[in-house]
Colleague: 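Below are the structure tokens for one structure; questions will follow.
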Amino acid sequence: MAKPTKSPGLPDWRQMPANGDPAIQARGFDAWATMLAELPEEGRAAAKLAQQLAAESAKPGATLLLASLFGHSPYLTSLALAEPQAMLTLLRQGPEVLLDQTLADLRKIAGKAAADELMQPLRQAKRRVALAVAVADIAEIWPLERVTGALSDFAALVIDTAMAATLRDAAARGDIDLPHPEQPCLGSGFVALGMGKLGARELNYSSDIDLIMLFDQEVVRYRGRKSALECYVRLTQQMVRLLHEHNADGYVFRTDLRLRPDPGSTPVALSMAAAETYYESFGQNWERAAMIKARPVGGDIVAGKAFLARLTPYVWRKNLDFAAIEDIHSIKRQIHAHKGHGEIAVEGHNLKLGRGGIREIEFFAQTQQLIAGGRDSRLRAIGTVEALNALVATERLDPATARELTADYGYLRKVEHRLQMANDEQTHSLPGDAAGIARIAAFLGEPDAASFRAKLLALLHRVKTHYDALFAEAPNLGSDQGSLVFTGTDDDPETLATLQRLGFAQPADIAAMVRGWHFGRYRAMRSERAREKLTAIMPSLLEAFSGTGSPDEAIRRFDLFLSLLPAGVQLFSLLQSNPAVLTVLAELLAAAPHLADSLAQNPALFDSLLEYAETPPDFAPERLAASLARQLGSARDFQDVLDWTRRWTGELRLQVGIGLLRGRLDGAAAGRALSSVADAVLAELLHHVQAEFAQAHGAIPGAKLALIGLGRLGSRELTLESDLDLLLLYEHSAKAQQSDGKRPLTPGLYFARLCPRFINAITAMTGEGRLFEVDMRLRPSGNAGPIASDLQGFGDYQRKEAWTWEHMALTRARVVTAAPALAKKFNALRLAVLGSKRDPRKLLANVADMRRRLAQAKPGKSIWSLKHHRGGLVDIEFITQYLQLRDGHAKPAILDPNPLLALQAIRDAGCLPGPDADMLLDAARLQGDLLALTRLAGADAGKPTQWPPALAKRLPALLGEPDLERLTLRLEAAQAAVYQLYDSLVEQPAAPYLSLADMIGGSHNSGDQA
């Protein structure tokens, strides 16, 4: 140690609280005696030290000091035993001298020692400073500002010493040049900013130190082979290891670098230019609050001060709008938003974050500084007490309130220090039991636990009253479930608990995700207004996700949505003013991944959500056609037509999906709506393709083209995942030899080229996605045939060559768009073909044979394979189509393309007993509803285990069942009844005639008509 300095006079140790735990006090004295007895074994100097210590510690005052340390703090006991020389100085000359000597010793090696030589000296210095400060604090020799100032100044010296050593080592390696090698930090451009309590010289007894490590890229002289950034990151890591690492000598300071800009995605050291860009572009109000207390504590102090001076306009804004003030209020207000949450108590109360605690006093001052400090520089104080005094000086706070808050702040910090001194723990919470409260009361020198309890409760209520009065008009930004605070870099334990109560399975991941939004990592979050708006809606957003049943999945899909969004202000403003939209969005994200993916890939579809929330859509065909025509009326070119038809269709598909999810549409209504959308867009697109084609090739006089829908489009049963089964038919005058354009074509070639263009216009991928997948296999001769067929030739084929399965497909054929005369001809042709009289035995054989082949190709192993499982939709459609072909010649009313309408007509015509028809109708509706709803999860979600949990939870209720088990039983019963009817109506009667069945093969494809 350095040469002893003159003692300022020994303190009166009688101020030390001696009434500690007798048992641990006795163990402390026993260990002290053992240490004194063993010291002489280390040599003559140690023997002399033992004699001196024995003499000093026998004095009455010293005995009181030791009794206080040993009886209240195992940690301080360990320091006294580890530092006998320091204890001798303390007993003889007091804590002031011990502190001065320790700092003097440390300054002697600062800037001279290599980094690996500092591990032991720094840790020894920490033990001695901790001992000196603790004794001065417990004996009430120093006021609060001297206690926290001594801890803060020691931390700054340690940081500066460690930085000097790492800089010296880097220079020795040739990585950098130092302007002043004898003073490595001077002019180095490398600086540590102390944040929080370190920056404000308010460090608590067992505090972490919060640092931001910066280098000035215009000043540093990097000479290495890689990059300056890598160099200063490595130096920072070395410095942190010197302070943070635990070894046999202990540690110096736990070091936290997470207050730097966006710590989740930035290195531990930043260039000043990068930091300035971040603060000016993405800085949040909580970071402005943190910057109030920033000061250079190590390294190039001049460069650090210049950096903070450049940040002055960011920290101290002259003009704040309402949204910014609201966001500032939310920094602390969110913590206490829940009524009853964090109520004042003694046992277990958090003196830092709890109601009436230290943070409320700090924020009482800081929020007012942020709001008014830009216009009044007198408010730019760095410390809490200084800030309170500045508020008084600027007439923003009455002196009596300031005096109360200052005194209460001092007492709370005193209690906090005692809590931490006991075991060197970074804790702020009082013990949770009466015995623990009694121990801390004794350590504070209070008369008894009851007195301490009454004093503390009065203080906490007083602080809370002042704080609540300041924020009385602030908006409520919290959740009824509890704390929701996402400022800073640490997880707030109460917020994690709230997220868990809201149903989030991984609350820490969710909290990190939300903080990432606030750091501006996404384009939508880069404006300050967007982040302020997000703060305002966050509680509502999380509660909406909570209500979906799959909150983790919902918020992750929202995260994807945000990542693709070009801007956020409009969205967040809309969600804030339209809670219904927020609810719909949350449900969609959680339960309908297919639609949520569409929304994420095309955020412009969000307008559709708003429209749906405000006005449920009208899917009447004439309204849809008019809507699309208006939208395409201003198209500049054919590319606009392709893009806008896709966007329009996507918006309406999204609205249908929402209607299904919310129970406003059943499967049949959704099928009709989606089919009407397809009709409108296909008709409009065909018109534009024809017009585009005619510019080069003209038109064929008198020619007409019909678009026929088959399969689910024809029966108006489209789902969200359906392909389109299409057929194109044309007719022309026998006199028309060629088209009348600049490049004329013969009729056959004309339609052979026009129709593929139309199909390509449907299926082509543009910036807005693909409109539909198209299946043309149901045309004559399947994939081997031409894209378009002449109507007369099609009729001849159907009458003379078509297989039974092709007539079954024709039962679901419907004109999507055509000239009225051509549509009339097709409808007549269809009825004539389907109404032709058939050999009932061969019909049975063909239907049964095709169903067997289809069952082999697609067996439908689970009941949730709603189309192909026996008794599923395919069986219902085969029964319906069989009856239509069997009885259509006598009762043409049963030839409706829609199976539900056809079954009703079959029942009414007496072609099937009423109970059987009703059973089929019920089974068809049930499975049609299920098919439509499960398609919300995507085409591959064929069983409940593949559904999003939110959809699985919601789906039974949409079908009138209490749970999935009851719904499963209902489905099984329906499928069993359908299959039984199919077996009795088709399978068994067909058995004797199967030899009569057509051999399905060649160029024909049996297809999947379901």
Side-chain angles (χ1 to χ4, degrees), residues 99 126 129-130 132-134 136-138 140-160 192-212 252-256 259 286-298 304 308 315 331-332 350-354 356-370 373 379-391 402-421 424-428 459 463 467 488 490:
L99 178 66
K126 169 63 184 293
V129 169
V133 171
D137 191 4
I138 297 169
E140 299 186 355
I141 302 167
W142 295 347
L144 173 65
E145 59 270 20
R146 177 74 177 103
V147 171
T148 59
L151 292 168
S152 303
D153 292 344
F154 171 66
L157 177 58
V158 163
I159 292 163
D160 193 69
L193 294 184
M195 307 296 291
K197 287 183 165 54
L198 172 59
R201 295 186 76 248
E202 297 174 339
L203 213 58
N204 60 46
Y205 189 76
S206 295
S207 184
D208 299 349
I209 52 173
D210 294 300
L211 299 175
I212 296 178
V252 189
F253 286 103
R254 291 176 293 265
T255 307
D256 194 333
L259 286 183
W286 73 263
E287 290 175 298
R288 292 177 55 223
M291 275 292 166
I292 290 177
K293 294 187 174 187
R295 70 181 174 97
V297 294
L308 291 177
V315 179
I331 295 171
K332 185 68 170 67
N350 189 310
L351 297 177
K352 179 180 179 181
L353 299 177
I358 294 167
R359 186 60 59 86
E360 288 197 348
I361 300 174
E362 292 172 340
F363 270 81
F364 182 95
Q366 278 184 302
T367 50
Q368 295 183 81
Q369 286 180 285
L370 282 177
L379 289 172
R380 301 176 189 179
I382 197 168
T384 301
V385 174
E386 293 174 274
L388 292 171
N389 292 335
L391 290 170
R403 285 193 297 271
E404 283 187 350
L405 289 174
T406 298
D408 293 343
Y409 179 74
Y411 189 74
L412 287 170
R413 294 301 305 273
K414 178 181 176 181
V415 179
E416 178 186 51
H417 285 178
R418 297 301 185 278
L419 290 170
Q420 296 176 354
M421 284 175 188
D424 190 31
E425 293 176 329
Q426 175 67 340
T427 181
H428 309 279
L459 182 156
V463 172
Y467 183 86
D490 295 332

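On a predicted model such as this, the values are computed, not experimentally measured, just so you know.
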Colleague: Any cation-pi pair here, K126 with F253, using under 6.0 Å and within 45°?
Modeller: yes
Colleague: Report yes or no: does E386 contribute a side-chain atom to a donor-acceptor pair with the main-chain N or O of A381 at less than 3.5 Å?
Modeller: no
Colleague: Partners of Y409 by side chain to side chain donor-acceptor pair (under 3.5 Å), sequence neighbours excluded?
Modeller: E202, R413
Colleague: Any side-chain heavy-atom pair from M291 and I212 closer than 4.5 angstrom?
Modeller: yes
Colleague: Taking the side chain as everything from C-beta on, heavy atoms only, tell me whether V315 gets closer than 4.5 Å to I292.
Modeller: yes
Colleague: How would you list, by chain and number, every residue that makes a salt bridge (charged side-chain N to carboxylate O under 4.0 Å, His left out) with K414, sequence neighbours excluded?
Modeller: E140
Colleague: Over all heavy atoms of both residues, which pair between T427 and L419 is shortest? Give the atoms and the distance, please.
Modeller: CG2-O, 4.0 Å
Colleague: Quick one: does R380's side chain get under 4.5 Å of Q369's, heavy atoms only?
Modeller: no
Colleague: List the steps, then state whether side chain to side chain contact (heavy atoms under 4.5 Å, CB included) holds for D210 with K197.
Modeller: CA-CA 8 Å; D210 294 300; K197 287 183 165 54; over 6 Å; no
Colleague: Looking only at heavy atoms, what is the nearest atom pair of S206 and D424, with distance?
Modeller: OG-OD1, 2.8 Å
Colleague: Can you find a heavy atom in the side chain of I138 that is under 4.5 Å from one in the side chain of H417?
Modeller: no
Colleague: Any non-hydrogen side-chain atom of H428 less than 4.5 Å from a side-chain atom of I358?
Modeller: no
Colleague: Grab the two heavy atoms, one from I159 and one from I209, that are nearest each other, plus how far apart they are.
Modeller: CD1-CD1, 3.8 Å
Colleague: Which atoms form the tightest heavy-atom contact between R359 and L353, and what is the distance?
Modeller: NH1-CD2, 3.9 Å
Colleague: I'd like to check R201 versus T148 (side-chain heavy atoms, cut-off strictly below 4.5 Å). Are they in contact?
Modeller: no
Colleague: Counting distance only, does the side-chain N/O of S152 pair as donor-acceptor with the main-chain N or O of L203 below 3.5 Å?
Modeller: yes
Colleague: What's the separation between atom CG in L211 and atom CG in D256, rounded to the nearest 0.5 Å?
Modeller: 8.5 Å
Colleague: Determine whether T384 and L405 satisfy the following criterion, side chain to side chain contact (heavy atoms under 4.5 Å, CB included), listing intermediate values before the conclusion.
Modeller: CA-CA 10 Å; T384 301; L405 289 174; over 6 Å; no
Colleague: A side-chain contact here means heavy atoms from C-beta on lying under 4.5 Å apart; do I361 and L388 qualify?
Modeller: yes
Colleague: Any side-chain heavy atom of L379 within less than 4.5 Å of one from Q368?
Modeller: no
Colleague: Step by step, would you call V133 with W142 a side chain to side chain contact (heavy atoms under 4.5 Å, CB included)?
Modeller: CA-CA 9 Å; V133 171; W142 295 347; 4.0 Å; yes
Colleague: Using the side-chain contact (heavy atoms from CB on, under 4.5 Å) criterion, which residues pair with R403? Sequence neighbours excluded.
Modeller: P399, A400
Colleague: Answer yes or no: is there a donor N or O on one side and an acceptor on the other, between the side chain of R295 and the main chain of L198, under 3.5 Å?
Modeller: yes
Colleague: Using the side chain to side chain contact (heavy atoms under 4.5 Å, CB included) rule, take N204 and K352 through it: C-alpha gap first, then chi angles, then the decisive distance, then the call.
Modeller: CA-CA 11 Å; N204 60 46; K352 179 180 179 181; over 6 Å; no
Colleague: Kindly compute the distance separating OH (Y205) from CZ (R418), expressed to the nearest 0.5 Å.
Modeller: 10.5 Å
Colleague: If every non-hydrogen atom of G410 is compared with every non-hydrogen atom of L144, which pair is closest and at what distance?
Modeller: CA-CD2, 3.7 Å
Colleague: Any idea which heavy atoms bring I382 and A294 closest together, and the distance?
Modeller: CD1-O, 3.8 Å
Colleague: Taking atom CE of M195 and atom CG of L259, what is their separation to the nearest 0.5 Å?
Modeller: 5.5 Å
